[in-house]
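Worksheet: one structure, shown below.
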Amino acid sequence: MTTFASVVPEMSAFLPGCPSLVIESTVRKIVMDLCQRGRVWEDDVTAVTTVIATYVYTLTPTVAYAEIIEPARVWSTRADDTTFDITRLTRAKMARVHPGWPVNDDGEPQHYQPGATPAELKLAPVPDAVITIQARAKLRPTATAAEWPDYLYREHHRAVFHGVLHELMGMPNRTWSDAKLAVYHGKQWTYLLSQATIRAAQEYGSEDLTVEMRPFA
């Protein structure tokens, strides 16, 4: 794990007089922003065992310093170890596909819609047997987190660096204020955030490129 405190020395040299705790809290804020906007952190969450006739469930991360911002994939595991993807439906489509749900609609869950929080799922049909629900989710650090995964920091350390300097140099009337440099770092932060968002959407790979021949007129 990379602690937010451990990256403070790298940035403090550019922020004369800025307290270490201020830099550390800003690192956390920028990392949270990167994860929220860029959707760069995805991981498995704790498996959930369903209860018959209960259709609302809450996913939980496997680590205490993370919180879920949205499910990335949800699936069920049956008693025979086969799996079945559970797809997300909007509220309007859920009403069309499952008109009797949740009162008169039970069976093996095939769909879900978001609940009251990003981590909450409402399954349809309502489970009529005990199965295991598994999921991967997009995560961000909690407001009190002190660390995040090493591999994410290695991948996005430049974005975090420029984001922190942009945030702190833009503060007025401080010994470390620098409006011109704040603009420079802001442009770098915006660019790197957009690149991180694209790469995360492509699952850190590259899209297959295909060429289609056009017929002659």
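Side chains are part of it too, since the values below use all heavy atoms of this structure and drop only hydrogens, waters and symmetry mates. For reference, positions follow the sequence shown, starting with 1.
Applying the side-chain contact (heavy atoms from CB on, under 4.5 Å) test to A129 and every residue at least two apart in sequence or in another chain returns nothing. Among residues two or more places apart in sequence or in another chain, the side-chain hydrogen bond (donor to acceptor under 3.5 Å, both in side chains) test is passed with Q195 by none. Applying the side-chain hydrogen bond (donor to acceptor under 3.5 Å, both in side chains) rule to N173 yields no partners; only residues at least two apart in sequence or on another chain are considered. Contacts of S20 classified as side-chain contact (heavy atoms from CB on, under 4.5 Å), with partners at least two apart in sequence or in another chain: V8. Under the side-chain hydrogen bond (donor to acceptor under 3.5 Å, both in side chains) criterion, H98 pairs with D105, H111, sequence neighbours left out. Residues satisfying the side-chain hydrogen bond (donor to acceptor under 3.5 Å, both in side chains) test with Q110, not counting sequence neighbours, are none.
Residues in residues 158-167 take part in these salt bridge (charged side-chain N to carboxylate O under 4.0 Å, His left out) pairs, two or more places apart or across chains: K29-E167. For the ring pair (Phe, Tyr, Trp, His ring centres under 6.0 Å) condition, the pairs that include at least one residue of residues 164-201, sequence neighbours left out, are H162-H185. Evaluation of the salt bridge (charged side-chain N to carboxylate O under 4.0 Å, His left out) test over residues 85-102, restricted to residues two or more places apart or in two chains, returns R73-D85. Applying the salt bridge (charged side-chain N to carboxylate O under 4.0 Å, His left out) test to every pair with at least one member in residues 170-179, sequence neighbours left out, gives no pairs at all. Judged as a salt bridge (charged side-chain N to carboxylate O under 4.0 Å, His left out), the pairs with a partner in residues 56-71 (not counting sequence neighbours) are, in order, R39-E70, E67-R140.
Cluster partners of V56, by chain and number: Y55, L89, M94, V97, W101, V126. The rule joins Ile, Leu, Val, Met, Phe, Trp and Tyr whenever side-chain heavy atoms lie under 4.5 Å apart.
Evaluated for a side chain to side chain contact (heavy atoms under 4.5 Å, CB included) with Y57, the options V51, T49, I133 yield exactly one hit, V51.
A distance of 8.5 Å separates CD in Q134 from OG1 in T83, rounded to the nearest 0.5 Å.
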